[in-house]
2 protein chains.
Amino acid sequence: MTTAKTRPDPMAILEDHGYRSTAPRRAVVDILRRKEDGFTAEEIIDDLPGIGRATVYRTIRLLLEAGVLCKLALPDGAPKYTLSTVEHHHHTICVRCGTVDTFRDTTMERLMRAIGDDVSGDIVGHRIEVYVTCGRCLTQVRS
Amino acid sequence: MTTAKTRPDPMAILEDHGYRSTAPRRAVVDILRRKEDGFTAEEIIDDLPGIGRATVYRTIRLLLEAGVLCKLALPDGAPKYTLSTVEHHHHTICVRCGTVDTFRDTTMERLMRAIGDDVSGDIVGHRIEVYVTCGRCLTQVRS
DNA sequence: GCCTGCAATGATACTGAGTATCACTACAAG
DNA sequence: CTTGTAGTGATACTCAGTATCATTGCAGGC
């Protein structure tokens, strides 16, 4: 599931949006491309002491707006980011190790349409996060 | 949908959990019982100048743990609380006026079971928030 | 009725996540 | 080579919530 497939370079996408390819932005993009399991903003800031907080957060925001990143929430609401590969998908987050994985379920799309009949008003978006104990953590627990 | 039905007194629930019924706690519980559309912690703090931040947050936390409150997230991740009436349900949040409503869809439960087959590991929880433009706001927009 | 102990309180200071400000830098285009 | 502006980073701020800790106030035992 976590295949490092041919992912478009986030930096290229930023350039497509009219933003400059600068050294700090490339540094941020480079480091978070290597974070397969999601990351927090402070984590990136700590990893790049030469780069200011503001720049890291700005770059993250640009990538969010460009749809390259997803912002998720842990059960307690703490934010976590992850690179998004596919268009529309949802995330599973392991509550033990924090590993983020994605899934795409067509039931979900049908569900949203079904809910549309139940609620008064127009659905404009949704947030779905599934919290799991991942397979790896399960075997650790049982051993 | 937003019926002020016979709701168990949150204070009584806290007492059942072994917590004292104190004046500050009653004040907090009283005020948030009147907030049909959800509320933020700071809102409560502002409404009760005589009561300390810590006490308000503590009371909210106790109520969350007791299952009397739900903590939701707006699209930007900003937290919002709402009293929960029924056991398991989900929320719609109007992105214009912030009104919180609840729905319960059996499809959701079936969906969770279906997802269980897709993901590796055990599902331990989920978060689902549906963002809407509510009926009232829709008529305002169109007028 | 009065100790007394502990739960609860509130002031305050802190953390964590993110934004605003603003002087400065570094480019890219003319 | 100038110059305009996007981008940067230091810093201070907001917002949400927690930690600390001295003080208060009840509830139960005598």
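Quick caveat: nothing in here was measured; it's all calculated off a predicted structure. Quick note on labels: first sequence line is chain A, next is B, and so on, each numbered from 1.
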Exercise. So does Arg53(A) reach the base of dG9(D) with its side chain, donor to acceptor, closer than 3.5 Å?
Worked result: no

For this session: Give a yes or no on whether a donor-acceptor pair under 3.5 Å exists between the nucleobase atoms of dG10(C), that is its base, and the side chain of Arg58(B).
Result: yes

For this session: Side chain of Ala41(A) only, please: which of dG7(D), dG18(C), dA20(C) is the nearest?
Result: dG18(C)

Starting at [atom1] of [X] and ending at [atom2] of [N], how long is that distance when rounded to a whole Å?
X: Tyr81(A); N: dG18(C); atom1: OH; atom2: C1'; value: 8 Å
X: Arg20(A); N: dG7(D); atom1: CZ; atom2: P; value: 6 Å
X: Leu69(A); N: dA17(C); atom1: CG; atom2: P; value: 16 Å
X: Ile60(A); N: dG16(C); atom1: CD1; atom2: P; value: 16 Å
X: Leu48(A); N: dT8(D); atom1: CG; atom2: P; value: 12 Å
X: Glu42(A); N: dT15(C); atom1: CD; atom2: C1'; value: 10 Å
X: Glu15(A); N: dA6(D); atom1: CD; atom2: P; value: 16 Å
X: Phe39(A); N: dG16(C); atom1: CZ; atom2: P; value: 19 Å

Seminar exercise, completed: Rounded to the nearest 0.5 Å, the CD1 atom of Ile51(B) sits from the CD1 atom of Ile44(B) at a distance of 10.0 Å

Exercise. If you round to the nearest 0.5 Å, how far is SG of Cys70(B) from CG of Leu63(B)?
Worked result: 11.0 Å

Does [N] have OP1 or OP2 sitting under 4.0 Å from an N or O in the side chain of [X]?
X: Lys71(A); N: dG18(C); value: yes
X: Thr22(B); N: dT9(C); value: yes
X: Arg25(B); N: dA8(C); value: yes

Exercise. Heavy atoms, side chains only, cut-off 4.5 Å: are Met11(B) and Tyr19(B) in contact?
Worked result: no

Exercise. Hey, is Lys71(B) close enough to Asp76(A) for a salt bridge, meaning N to O under 4.0 Å?
Worked result: no

Exercise. Aromatic rings Tyr81(A) and Phe39(A): how do their planes relate, parallel, tilted or perpendicular, breaks at 30° and 60°?
Worked result: parallel

For this session: Could you check Thr55(B) against Ser21(A) and say which one's nearest nucleotide on DNA chain C is further toward the 5' end?
Result: Thr55(B)

